[in-house]
Engineer: 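Sharing a structure with you now.
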There are 2 protein chains.
Amino acid sequence: MQKIKIIIADSHFLSRKGLVILLEENTDFVLLSEALSASDLINQSKFYHPDLIIIDYTSANFSFENLHQIVKKYPKTHLLAITDVQSNISIAKALNLGVTSHLLKDCEQEEIVEAIYKTAKGENFMCGKIASAVLIDKTSVNEYTCEGLNISDREMEIIKLIAEGLSNKEVADKLFLSTHTVTTHRKNIMNKLGVNNTAGLVLFAVRENLVSPNHFLFASN
Amino acid sequence: MQKIKIIIADSHFLSRKGLVILLEENTDFVLLSEALSASDLINQSKFYHPDLIIIDYTSANFSFENLHQIVKKYPKTHLLAITDVQSNISIAKALNLGVTSHLLKDCEQEEIVEAIYKTAKGENFMCGKIASAVLIDKTSVNEYTCEGLNISDREMEIIKLIAEGLSNKEVADKLFLSTHTVTTHRKNIMNKLGVNNTAGLVLFAVRENLVSPNHFLFASN
DNA sequence: ACGACAATACCTAAAAAGTGGTATTTTAAA
DNA sequence: TTTAAAATACCACTTTTTAGGTATTGTCGT
C-alpha cells in the first residue's frame with residue numbers, strides 16, 4: 001500500500017503538534033508540511049499535491065473559502081476537517097463546500113486514525129458528535145442539510161444584529177430598510193426557527209456563531 | 001537551574017500530545033507522566049510530587065474538584081490550567097480554587113512556555129484573553145472577582161428562565177411571585193450588567209452556562 | 001442593634017416586540 | 001420563460017418589555 005501524503009493546516013500550536021505525533025506513530029502516514037495560514041496552505045498544496053489535508057478551518061488564519069479553493073483546484077486531494085465544537089450550520093456548510101470528513105478536537109486517537117485512512121480513500125467519516133449533529137439527506141447523495149432550516153443570508157444578518165441588542169428600528173437604520181421590513185424578516189425567522197421571542201433568536205445566533213456570548217461584557221471592560 | 005518536573009492532565013489526545021512536543025523541545029522541562037483521568041492524576045501526583053501540573057479541568061475525566069484536591073494535598077505543586085474558551089465565572093472559580101495560571105488552548109507556543117516558567121516559580125500568568133476576562137481585585141490578594149458583578153442566586157435563577165424564553169408573567173407564575181417582582185429583578189439585573197434589552201441578558205446567560213444555545217433547537221428536533 | 005443588601009411588591013407611561021394578515025419587486029433556478 | 005423564493009413594504013392590534021420611580025420585609029454579619 002502506498003503511503004498517505006498529508007498536510008496539516010491549523011494555526012493552533014497544540015492541536016497541530018498533537019497531529020504531528022499521531023502521524024509519526026503510523027508508518028502509513030507521511031507528513032509533508034504544516035500550514036499555519038491559508039497562504040501557506042495554498043503554496044504547499046501547489047508544491048506537494050497531498051492526498052489529504054487535515055484542516056481546522058475555524059482557526060485564526062483559515063476560513064471556509066480555503067476549503068472551496070482547495071477542492072476546486074485539487075480535486076484529488078481530500079479534506080479532513082477537525083475543529084472545536086461547531087454549530088450544525090457551520091458543519092453542513094463545510095461538508096457542502098467539499099470536506100470529505102469531519103472530526104472534533106476532543107476525538108480519540110483511534111477515531112482520528114480511522115478518519116485519515118477512510119478520507120484518503122475518499123470515504124466519509126464523521127465522529128459521533130458530528131454525525132448526530134448533521135443529518136444526511138438520503139435522497140440526494142451529496143446534500144447535507146441542517147435540520148431542514150434554510151435561513152437566508154439576509155435573515156442571518158438580521159438575526160446577528162438583533163442578537164447584538166439592536167431594536168428593529170436600529171436594524172432598519174443600519175441596513176437602510178423600513179422597520180416594516182425588519183419586522184417581517186423577524187417574523188419569518190421566528191417561524192422558521194419555531195421560537196416566539198427574542199431569547200430564542202439570540203440563542204440561535206450564539207449557536208451559529210453570529211454573535212459571541214461576550215459581546216456585551218467585553219465591550220463594557 | 002533545576003529542571004521543572006511536570007505532569008500533563010488532559011483527556012484530549014491532541015492537546016496532550018501538543019504539550020508533550022512543547023515540553024520535549026525545552027531542556028528545562030521534564031515530563032514525568034500523562035494523566036488521562038482524575039484518578040491517574042491523584043496516583044501520579046502521590047508518586048512523583050511534580051513542580052507543575054498542566055491541566056484541562058474541563059476535559060472528560062477531570063473536574064473543578066480535582067484542582068482543590070491537588071492544592072490541598074500538595075501545596076508545593078503549582079497548577080497551570082489550559083482550557084478551551086470558558087466563561088468568566090468558570091475561570092474565576094478555577095483561580096479561587098488555587099490555580100496559579102490560566103491559558104487557552106489557542107495560545108501561542110511562546111505564551112505557554114512563559115506560563116510554565118512563571119507558574120513553576122509560583123508566579124501568576126494569564127494569557128491575553130483570560131487576563132481581560134478576569135479582573136484581579138487588588139485589595140484582597142487572593143480574591144478573583146468577575147468584573148465586580150455580584151448577581152444574587154435569585155437573580156441568576158430569573159436570568160436563566162428569561163433566557164429560556166419565558167416572559168415576566170411566566171417566570172412569576174413558575175416562581176410564585178408577582179410580575180412586579182420579576183420586573184424589578186429584571187431591571188436590577190440589567191443595571192448590574194449594563195445592558196438594556198433581552199439580548200444582553202440572554203448572552204450573559206449563555207456565557208455563564210445558565211442556558212445552552214441549543215435550548216430551543218434541540219427541543220424542536 | 002444596626003446597617004447593608006436581597007427579595008418582595010406596586011405605579012405609570014413610553015417603547016418595542018409579537019401576531020396575523022396582504023402585496024410588490026427582484027433574483028435565481030428549472 | 002415560467003416559477004419559486006427572497007427581499008422588500010405596509011396595516012392593525014395585543015402583549016411585553018423597558019425606564020422612572022417608591023416602599024416593605026427579612027436576613028446576615030458586625
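Below, chains carry the letters A, B, ... as their sequence lines are ordered, and counting in each starts from 1.
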Engineer: Separation of A:Glu155 atom CD from D:dA6 atom P, in whole Å?
Structural biologist: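 Rounded to whole Å, this separation is 7 Å.
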Engineer: Are A:Thr181 and A:Thr183 close enough that some pair of their side-chain heavy atoms sits under 4.5 Å apart?
Structural biologist: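 No - every pair of side-chain heavy atoms lies 4.5 Å or more apart.
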Engineer: Give the B/S/- string for nucleotides 24-30 of chain C, one per nucleotide from 5' to 3', where a protein heavy atom under 4.0 Å of the base yields B, of only the sugar-phosphate yields S, and otherwise -.
Structural biologist: -------
Engineer: Find the distance B:Asp153:CG to C:dA7:C1' and express it as a whole number of Å.
Structural biologist: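 It is 12 Å, rounded to the nearest whole Å.
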Engineer: Please determine which of A:Asp173, A:Leu166, A:Val171 meets the side chain to side chain contact (heavy atoms under 4.5 Å, CB included) test together with A:Lys169.
Structural biologist: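 When side chain to side chain contact (heavy atoms under 4.5 Å, CB included) is applied between A:Lys169 and each of A:Asp173, A:Leu166, A:Val171, only A:Asp173 qualifies.
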Engineer: Got B:Phe204 and B:Met156 here, is their nearest side-chain heavy-atom distance under 4.5 Å?
Structural biologist: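 A side-chain contact exists here, since the closest heavy-atom pair is under 4.5 Å.
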Engineer: Given D:dC10, C:dT8, D:dT8, identify the nucleotide with an atom nearest to the side chain of A:Leu177.
Structural biologist: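 My answer, after comparing the listed nucleotides, is D:dT8.
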Engineer: More than 12 heavy atoms of other residues, nucleotides or ligands under 6.0 Å from CG of B:Asp153: is that the case?
Structural biologist: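 No, the 6.0 Å shell around CG holds no more than 12 heavy atoms from other groups.
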Engineer: Can you give one letter per nucleotide of nucleotides 14-30 of chain D, going 5' to 3': B for a protein heavy atom under 4.0 Å from the base, S for sugar-phosphate only, - for none?
Structural biologist: --SSBBBB---------
Engineer: Are the side chain of A:Thr77 and the backbone of A:Pro50 linked by a donor-acceptor contact shorter than 3.5 Å?
Structural biologist: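 Confirmed, A:Thr77 side chain pairs with A:Pro50 backbone.
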Engineer: Figure out the CD1/C1' separation between A:Ile162 and C:dG18, and round it to whole Å.
Structural biologist: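 To the nearest whole Å, that distance equals 12 Å.
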Engineer: Measure the shortest side-chain to side-chain distance between B:Leu14 and A:Arg16 over non-hydrogen atoms and say whether it is less than 4.5 angstrom.
Structural biologist: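 A side-chain contact is absent here, since even the closest heavy-atom pair is not under 4.5 Å.
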Engineer: Ignoring backbone atoms, test whether A:His185 places a side-chain nitrogen or oxygen under 4.0 Å from the OP1 or OP2 oxygen of D:dT8.
Structural biologist: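 Yes.
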Engineer: Can you check the B:His180 NE2 to C:dC10 P distance for me, whole Å?
Structural biologist: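 To the nearest whole Å, that distance equals 5 Å.
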Engineer: Please give, in whole Å, the distance from D:dA5 P to A:Ile151 CD1?
Structural biologist: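 My rounded result for the distance is 15 Å.
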Engineer: According to side chain to side chain donor-acceptor pair (under 3.5 Å), who are the partners of B:Lys187, at least two apart in sequence or on a separate chain?
Structural biologist: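 B:Lys187 satisfies side chain to side chain donor-acceptor pair (under 3.5 Å) with no other residue.
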Engineer: If you define the side chain from C-beta out and look only at heavy atoms, does anything of B:Leu80 sit under 4.5 Å from B:Thr100?
Structural biologist: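 When only atoms from C-beta onward are counted, B:Thr100 and B:Leu80 do not touch, as no gap falls below 4.5 Å.
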Engineer: Can you tell me if the side-chain N/O atoms of A:Thr179 get under 4.0 Å from OP1 or OP2 in D:dA9?
Structural biologist: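 For D:dA9, neither OP1 nor OP2 has a side-chain N or O of A:Thr179 closer than 4.0 Å.
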Engineer: Specify whether A:His49 and A:Tyr74 have parallel, tilted or perpendicular ring planes, treating 30° as the upper limit for parallel and 60° as the lower limit for perpendicular.
Structural biologist: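 Perpendicular.
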Engineer: B:Phe176 has an atom CZ; how far is it from atom C1' of C:dA9, in whole Å?
Structural biologist: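 Rounding to the nearest Å, CZ of B:Phe176 and C1' of C:dA9 are 18 Å apart.
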Engineer: Round to a whole Å and report the spacing from CG of B:Asn188 to P of C:dA9.
Structural biologist: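 Answer to the nearest Å: 14 Å.
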Engineer: In whole Å, what is the span from the CG atom of A:Leu161 to the C1' atom of C:dA16?
Structural biologist: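 Going from A:Leu161 (CG) to C:dA16 (C1'), I get 17 Å.
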Engineer: Under 4.0 angstrom, heavy atoms only, what part of the nucleic acid is A:Thr181 near: base, sugar-phosphate, or nothing?
Structural biologist: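 If one applies the 4.0 Å heavy-atom cut-off, A:Thr181 turns out to touch a base.
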